[in-house]
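Read the structure below first, then the notes.
Computed from a predicted structure; not experimentally measured. Each chain gets a letter, A, B and so on, in the order the sequences are listed, and its residues count up from 1.
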Amino acid sequence: MPELPEVETIIQNLRRGNTETPSVIGQTFASVQVFWSKSIFEPKITQFERQLPGQMIMDTRRRGKFLHFPLSSDHLIVHLRMSGDLSMTNNTNPNGEVKQPDPHDRVFFHFQNGWRLAFKDTRKFGRIWLVPDPELVLGNLGPEPLDHNFTAEDLFMRLSSHKRQLKPLLMDQSFLAGLGNIYTDETLHLAKLHPLRRSNTISPEEAKILLSEIRSVLKEGIRRSGASIDWAYRGGDFQNYFRVYQRTGEACPECGTTIERIKVGQRSTHFCPQCQVLSKYP
DNA sequence: CATCAACCCTGAGAGC
DNA sequence: TGCTCTCAGGGTTGAT
């Protein structure tokens, strides 16, 4: 499930290209094929198919878990949700025949030079927008955790203004943009904070540690090109370095206590009951 | 405001 | 073997 590091990895690959594949920057759309109509959230498909051809990709950006492509006129925005992926491929096989879509291909963006951007999405939760103003889609997102203008004091103030459970709050994209289930569990373990701690009981010092560990986990995820989980995004190897996520019943790397799993806000949550104590906080 | 259930989907894994 | 059932997961929506 792509979270900030996986999205960052994908956007960097699209930006840089490689020896076999060109960058998406500077590519001009020729046509679009939509195989699953619900993948296009806005505008309606007919308008989407009409509006995109002729526009050039000017840049690649990431905002939270969104991929953002400023175009010559509009903005193309993609959210991969659970199982989405975006990759550049050639339109034709070596023998010259046109490649047929795989069962999980949902959208093909064809470029004028014969390359195409493929949107794969097994579980069909992904969403694509084509809008004149990116703020229409990205406007409600919270701060970027890796943005240096975002400080521990800012985080402390934001935590203090709510009385919510820490984990669901950190996963709330309007509170902070980019953390999902994996990186939140890993962060809270590193910061030695219980997932059910009330946000308004966090001290300024704890907020400082929390932000530091958020950044540390995200940067390690990016350095390892993200985590490859099940059917989802493949490429990185951060899944081999999880400390608590999906390690229920295993020993805590800090203290050896058995990792527990509970449900928090409808999400499975992994933590160490020894390192991450709740009892003293009502 | 905070919480929660339901929903959108598929495929893996369990149970029979 | 092959069927049915359960579940995960991000984000939205509507109810409590």
Nucleic acid contacts of residues 61-70 of chain A, taken as heavy-atom distances under 4.0 Å to DNA chain C: K65(A)

Below the 4.0 Å mark, does dA8(C) have OP1 or OP2 next to a side-chain nitrogen or oxygen of R81(A)? no

R106(A) and K124(A), any side-chain heavy atoms less than 4.5 Å apart: yes

Rounded to the Å, how far apart are Q246(A) CD and dA12(B) C1'? 12 Å

Can you confirm whether T248(A) sits close enough to E260(A) that some side-chain heavy atom of one is under 4.5 Å from a side-chain heavy atom of the other? no

Closest to the side chain of K124(A), out of dG10(C), dC9(B), dT3(B), is dC9(B)

Please test R61(A) against D59(A) for salt bridge (charged side-chain N to carboxylate O under 4.0 Å, His left out), starting from the C-alpha separation and ending with a verdict. CA-CA 7 Å; R61(A) 298 178 192 165; D59(A) 198 5; 3.3 Å; yes

By ring pair (Phe, Tyr, Trp, His ring centres under 6.0 Å), H189(A) pairs with (sequence neighbours left out) none

Interatomic distance, I77(A) CD1 vs dG11(C) C1' [rounded to whole Å]: 16 Å

Tracing side-chain contacts under 4.5 Å among Ile, Leu, Val, Met, Phe, Trp and Tyr outward from F35(A) reaches F108(A)

Nearest whole angstrom, please: distance from the C1' of dC1(B) to the CG of L169(A). 12 Å

Quick one: do the S174(A) and N140(A) side chains pair a donor with an acceptor below 3.5 Å? no

Using the aromatic ring of F125(A) (for Trp, its six-membered ring), decide whether it stacks on the base of dG10(C) within the limits of 5.5 Å and 30°. yes

With nearest nucleotide decided by heavy atoms, which residue, H270(A) or R127(A), maps closer to the 5′ end of DNA chain C? H270(A)

Using only heavy-atom distances, determine whether the side chains of N91(A) and R116(A) contain a donor-acceptor pair under 3.5 Å. yes

Listed once per pair and sorted, the ring pair (Phe, Tyr, Trp, His ring centres under 6.0 Å) pairs that draw on residues 7-31 of chain A, sequence neighbours left out: F29(A)-F109(A), F29(A)-F111(A)

Looking at five pairs on each end of the helix from dA2(B)-dT16(C) to dC16(B)-dG2(C), what is the angle between the two axes, given to 10 degrees? 50°

d(CE, M171(A); C1', dT12(C)) in whole Å: 14 Å

Should K192(A) and E213(A) be marked as a salt bridge (charged side-chain N to carboxylate O under 4.0 Å, His left out) after you check the CA-CA gap, both sets of side-chain angles, and the distance that decides it? CA-CA 10 Å; K192(A) 299 195 190 301; E213(A) 298 298 359; over 6 Å; no

Any heavy-atom pair between the side chains of V34(A) and V32(A) that's under 4.5 Å? yes

Give the residues of residues 33-48 of chain A touching DNA chain B, defined as any heavy atom closer than 4.0 Å, sorted by residue number. W36(A), K38(A)

Considering every strand and a 4.0 Å limit on heavy-atom distances, what is the contact class for Q173(A): base, sugar-phosphate, or nothing? sugar-phosphate

Using only heavy-atom distances, determine whether the side chains of Y183(A) and E6(A) contain a donor-acceptor pair under 3.5 Å. yes

Heavy atoms within less than 4.0 Å of DNA chain B: which residues of residues 160-167 of chain A have one? Give them sorted by number. H162(A), K163(A), R164(A), Q165(A)

How many whole angstroms separate atom NE2 of H79(A) from atom P of dC9(B)? 17 Å

Hey, is E254(A) close enough to R243(A) for a salt bridge, meaning N to O under 4.0 Å? yes

With a 3.5 Å cut-off and sequence neighbours excluded, list the donor-acceptor pairs that the side chains of residues 65-82 of chain A form with protein atoms.
from   : atom 1 : to      : atom 2 : distance (Å)
K65(A) : NZ     : L179(A) : O      : 3.3
H68(A) : NE2    : H75(A)  : ND1    : 2.9
S72(A) : OG     : M56(A)  : N      : 2.9
D74(A) : OD2    : Q51(A)  : NE2    : 2.8
D74(A) : OD2    : Q55(A)  : NE2    : 2.9
H79(A) : ND1    : R81(A)  : N      : 2.9

Can you find a side chain N or O atom of Y245(A) that sits less than 4.0 Å from OP1 or OP2 on dG9(C)? yes

Which protein N or O atoms sit under 3.5 Å from an N or O of nucleotides 13-15 of chain B?
none

Under the ring pair (Phe, Tyr, Trp, His ring centres under 6.0 Å) rule, what pairs show up with a residue in residues 143-166 of chain A, not counting sequence neighbours? H162(A)-F175(A)

Which residues pass the ring pair (Phe, Tyr, Trp, His ring centres under 6.0 Å) test with Y241(A), sequence neighbours left out? none

Think S268(A) has a side-chain N or O under 4.0 angstrom from the OP1 or OP2 of dG9(C)? yes

Rounded to the nearest angstrom, tell me the gap between atom CE in M82(A) and atom C1' in dG11(C). 10 Å

To the nearest Å, how far apart are R106(A) CZ and dT10(B) P? 7 Å

Assess the side chains of T184(A) and K167(A): does a donor N or O sit below 3.5 Å from an acceptor N or O? no

Salt bridge (Lys or Arg N to Asp or Glu O under 4.0 Å) partners of residues 137-150 of chain A, not counting sequence neighbours, each pair once: R62(A)-E144(A), R63(A)-E144(A)

Side-chain donor or acceptor of R123(A) under 3.5 Å from a matching atom on the base of dA8(C)? yes

If I take atom CD in residue Q266(A) and atom P in nucleotide dT13(C), what distance separates them, rounded to the nearest angstrom? 15 Å

Along DNA chain B (nearest heavy atom to each residue), the more 5'-positioned of R267(A) and P168(A): P168(A)

